[in-house]
**Student:** 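My structure is below; once you've seen it, I'll send some questions.
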2 protein chains.
Amino acid sequence: MIDRTVPGPVRILLADDHALVRRGVRLILDGEPDLEVVAEAGDGAEALALAREHRPDLAVLDVAMPRMTGLQAARELSAALPGLRLLMLTMYDNEQYFFEALKAGASGYVLKSVADRDLVEACRSAMRGEPFLYPGAVTALIRHYLDRARQGDGVPEKILTAREEEILKLVAEGHSSKEIAATLVISVKTVERHRANMLHKLGMRDRLELTRYAIRVGLIEP
Amino acid sequence: MIDRTVPGPVRILLADDHALVRRGVRLILDGEPDLEVVAEAGDGAEALALAREHRPDLAVLDVAMPRMTGLQAARELSAALPGLRLLMLTMYDNEQYFFEALKAGASGYVLKSVADRDLVEACRSAMRGEPFLYPGAVTALIRHYLDRARQGDGVPEKILTAREEEILKLVAEGHSSKEIAATLVISVKTVERHRANMLHKLGMRDRLELTRYAIRVGLIEP
DNA sequence: CCGGAGATGGGTGGCACCACCCATGTACGG
DNA sequence: CCGTACATGGGTGGTGCCACCCATCTCCGG
């Protein structure tokens with residue numbers, strides 16, 4: 001554990017599939033004396049590898065990345081490097097994914113559209129162990145709390161399981177049940193079973209609606 | 001017209017809905033002595049207004065922006081400010097889109113994923129009146145040229161007809177052929193005919209791909 | 001230790017989608 | 001005035017999606 005009483009700069013791992021965004025984030029963060037980007041990853045898998053290598057203090061992760069999403073990466077990183085702080089960076093102000101991010105162990109959630117204003121502060125908050133919530137997230141949090149208080153029931157519950165999300169991603173990318181079954185080495189019926197469960201859970205009618213949902217929540221790009 | 005024989009820095013209008021991307025692009029461009037960002041817009045409409053106000057030499061436009069897409073903005077800007085150079089910035093390496101950009105009057109097309117490397121060079125190419133094409137675009141261009149050379153016909157022209165676009169919108173919103181037929185007061189077969197024509201034109205396989213296409217080009221929201 | 005949740009797999013049937021085939025009418029430009 | 005593009009409509013057949021039904025196995029928590 002790094003001795004935070006005599007702090008050097010916070011060592012940051014940056015993961016985003018767009019070099020341009022990485023460049024912007026790096027310039028913003030490296031402009032601060034107490035923050036330093038030590039590694040850049042272009043996808044979730046690379047982030048995981050680089051985190052193991054560089055042991056950063058903080059990981060700033062894009063939610064939507066190829067191969068492994070930022071949320072999956074966050075879960076893996078949490079498990080692999082327990083002391084690591086996590087900050088999610090996203091294009092979409094989506095309530096569901098905001099809660100997923102918190103559950104995946106993220107300390108904060110910053111919208112790309114306002115990131116130039118909030119990002120540095122979010123990093124510092126994360127390192128102090130405090131959550132950082134952009135204003136829209138606070139609104140979502142309050143609305144969600146009120147909703148549950150009104151209905152009187154329990155925790156937000158994860159809408160989709162990890163396996164379902166995996167299959168949703170493939171469905172939304174346009175793969176047929178047969179293709180997905182081949183990819184995951186399971187039967188077509190199981191793929192259809194998962195897809196049917198998702199349709200039921202989300203109150204949707206077909207894979208087209210699932211696709212738009214996946215795009216909305218940032219699981220895939222159009 | 002500015003006198004390019006005694007050039008000051010190229011005055012650039014930057015339009016992207018993500019402040020973070022704008023920040024990155026601005027830092028990259030302002031780091032060059034011959035380039036200067038004079039205005040930033042968060043969407044296409046704002047870009048149009050700022051272009052009228054600042055009369056920049058070059059506009060760097062994100063393809064996907066809220067309210068008015070970069071392509072729409074490019075067309076409007078071309079019409080409003082004939083001398084203006086245009087450079088499109090995009091997340092998607094999509095052939096169709098790339099040709100739309102060229103048709104909208106863009107001098108170049110740069111992928112965000114490689115923009116930190118290519119962007120400055122693309123700006124200078126645009127100001128010299130030369131096209132800038134990232135390698136993938138060159139490949140697409142050659143393939144397209146060969147396709148047309150083989151078939152012996154002319155310019156790409158408008159991809160979809162007005163009626164097709166109308167039907168695409170409904171398809172992408174998730175309506176079935178029967179519903180669309182009822183809405184437009186035509187037969188189911190005609191709807192299917194139009195849809196099949198679109199699939200053929202765009203080289204796609206099913207309505208799911210059509211949906212993503214519609215989202216990409218800003219015809220509908222996810 | 002048992003119940004629930006999750007992942008796995010199978011069968012049947014209806015319907016939408018999609019790829020082929022065919023045709024007619026209109027409008028516009030060479 | 002004729003060809004081409006566009007919109008219209010019909011038929012046939014294959015395949016995938018989706019809604020139902022059924023089951024087994026594992027894992028975790030009460």
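None of the values given here were measured: they were computed from a predicted structure.
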**Student:** For D/dC18 and A/Arg195 - does any side-chain N or O of the residue sit under 4.0 Å from the phosphate oxygens OP1/OP2?
**Tutor:** yes
**Student:** Go through the steps for A/Lys169 and A/Glu166 under the test salt bridge (Lys or Arg N to Asp or Glu O under 4.0 Å), then give the verdict.
**Tutor:** CA-CA 5 Å; A/Lys169 202 163 182 289; A/Glu166 194 176 358; over 6 Å; no
**Student:** Distance check needed: D/dG16 C1' versus B/Arg207 CZ, whole Å only.
**Tutor:** 11 Å
**Student:** Rounded to whole angstroms, how far apart are CG on B/Leu160 and C1' on D/dC6?
**Tutor:** 13 Å
**Student:** Does a side-chain N or O of A/Ser187 approach OP1 or OP2 of C/dG10 to a distance below 4.0 Å, or not?
**Tutor:** yes
**Student:** Map A/His175 and B/Asn197 onto DNA chain D by nearest heavy atom, then report which one ends up closer to the 5' terminus.
**Tutor:** B/Asn197
**Student:** A/Lys189 has an atom NZ; how far is it from atom C1' of D/dC17, in whole Å?
**Tutor:** 10 Å
**Student:** Distance alone, cut at 3.5 Å: any donor-acceptor contact between the side chains of B/Thr211 and A/Arg212?
**Tutor:** no
**Student:** Is the shortest side-chain N/O distance from B/Thr161 to OP1 or OP2 of D/dA5 below 4.0 Å?
**Tutor:** no
**Student:** Strictly below 4.0 Å: does A/Arg163 bring a side-chain N or O up to OP1 or OP2 of C/dG6?
**Tutor:** no
**Student:** Just how far, in rounded Å, is P of D/dC17 from CE of A/Met204?
**Tutor:** 17 Å
**Student:** Is there a side-chain contact between B/Thr190 and the phosphate of D/dG9, meaning an N or O under 4.0 Å from OP1 or OP2?
**Tutor:** yes
**Student:** What is the nucleic acid contact for A/Arg193, judged by heavy atoms within less than 4.0 Å: base, sugar-phosphate only, or nothing?
**Tutor:** base
**Student:** Got A/Val10 and A/Ile12 here, is their nearest side-chain heavy-atom distance under 4.5 Å?
**Tutor:** yes
**Student:** Please state how far atom CD1 in A/Ile186 lies from atom P in C/dG9, giving the value in whole angstrom units.
**Tutor:** 6 Å
**Student:** Provide, to the nearest angstrom, the distance between the CG atom belonging to A/Leu208 and the P atom belonging to C/dC17.
**Tutor:** 9 Å
**Student:** Between A/Ala196 and A/Lys178, which residue's closest nucleotide on DNA chain D lies nearer the 5′ terminus?
**Tutor:** A/Lys178
**Student:** For B/Arg207 and A/Asp206, what are the C-alpha separation, side-chain angles and deciding distance, and is it a salt bridge (Lys or Arg N to Asp or Glu O under 4.0 Å)?
**Tutor:** CA-CA 12 Å; B/Arg207 74 194 217 273; A/Asp206 52 34; 3.1 Å; yes
**Student:** Report the distance from atom NE2 of B/His200 to atom P of C/dA19, rounded to the nearest whole Å.
**Tutor:** 10 Å
**Student:** Can you tell me if A/His194 touches the phosphate of C/dG6, counting only side-chain N or O atoms and a distance under 4.0 Å to OP1 or OP2?
**Tutor:** no
**Student:** What heavy-atom pair brings B/Lys201 and B/Glu164 nearest, and what distance separates the two atoms?
**Tutor:** NZ-OE1, 2.7 Å
**Student:** Could you check how far CD of A/Glu192 sits from P of D/dC21, rounded to whole Å?
**Tutor:** 16 Å
